[in-house]
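Right, one structure below, let's go through it.
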Amino acid sequence: LALVQRAEALMCFTLMFCVVSGTNVTPPHSTIRPGFPVPVNTNNPEVRRAARFGVYRYNNSSNDLFLFKESQIKKAMVQIVRGLKYMLHVEIKRTVCEKRDHPSLDSCHFQKEKNLQQMLRCYFEVWITPWTHKVHIPVAHCH
């Protein structure tokens with residue numbers, strides 16, 4: 001029950017939509033409904049966390065020598081579907097950190113050398129179920 005309450009609090013905080021004892025409580029003037037994707041602030045910490053999961057997925061599937069890191073979240077939507085499904089348009093850039101070193105992306109700076117700089121535009125779908133501590137990334141397209 002505590003995990004469900006934490007998940008509900010997370011949904012309330014993230015979306016300004018609350019589920020209380022099986023009834024929906026929506027703030028005045030809100031158009032947010034379960035099942036419908038809605039825009040969410042790109043600076044929201046949960047959005048930034050979801051974008052990082054997308055970047056991890058990209059880094060794990062790329063053959064690049066260097067790690068990439070999100071440089072800008074261009075657009076973010078979220079949908080309540082047995083958890084939170086984030087739909088993100090993200091720009092990622094190559095860092096100076098090599099994959100074999102496995103450093104934290106937080107300490108990785110973007111490439112300064114012109115011939116090594118690279119920026120990709122990505123679309124990530126990141127599905128987070130907070131009460132099970134699971135993250136699933138069914139879509140990660142970068143070009």
Establish whether [X] and [Y] are linked, either directly or via other cluster members, by ILVMFWY side-chain heavy-atom contacts under 4.5 Å.
X      : Y      : value
Phe53  : Leu88  : yes
Val126 : Leu84  : yes
Val135 : Ile80  : yes
Met77  : Val139 : yes
Val55  : Met87  : no

Under 4.5 Å between any side-chain heavy atoms of [X] and [Y], yes or no?
X      : Y      : value
Asn59  : Leu105 : yes
Asp106 : Arg52  : yes
Asn43  : Arg48  : yes
Glu125 : His136 : no
Val40  : Glu46  : no
Val47  : Asn41  : no
Glu70  : Cys122 : no

Taking [X] for its side chain and [Y] for its backbone only, find out whether a donor-acceptor pair lies under 3.5 Å.
X      : Y      : value
Gln117 : Lys112 : yes
Gln111 : Thr95  : yes
Ser71  : Glu91  : yes
Gln79  : Phe36  : no
Arg94  : Phe66  : no

May I ask you to decide if the ring planes of Tyr123 and His89 are parallel, tilted or perpendicular, using 30° and 60° as cut-offs?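 Aromatic pair Tyr123/His89 classed tilted.
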Report the distance from atom [atom1] of [X] to atom [atom2] of [Y], rounding to the nearest 0.5 Å.
X      : Y      : atom1 : atom2 : value
Phe110 : Phe68  : CZ    : CZ    : 10.5 Å
Lys69  : Ser104 : NZ    : OG    : 8.0 Å
Ile137 : Tyr58  : CD1   : OH    : 14.5 Å
Ile73  : Tyr86  : CD1   : OH    : 10.5 Å
Tyr56  : Leu67  : OH    : CG    : 9.5 Å
Ile92  : Ser62  : CD1   : OG    : 8.0 Å

Which atom of Gly83 lies closest to which atom of Thr129, heavy atoms considered: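 Shortest heavy-atom separation between Gly83 and Thr129 comes out as CA-CG2, 4.1 Å.
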Identify the two heavy atoms, one from Arg57 and one from Ala140, that lie closest to each other, and give their separation to 0.1 Å.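 Closest approach of Arg57 to Ala140, heavy atoms only: CG-CB, 3.7 Å.
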Counting only heavy atoms not in Asn115, do more than 12 fall under 6.0 Å of its CG?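 Above 12, so yes.
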Answer yes or no: are there more than 12 heavy-atom neighbours, outside Lys99 itself, under 6.0 Å from its atom NZ?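 More than 12 within 6.0 Å, yes.
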Which of these, Arg49, Lys134, Lys85, sits in a side chain to side chain contact (heavy atoms under 4.5 Å, CB included) with Ile128?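 Only one option passes, and that is Arg49.
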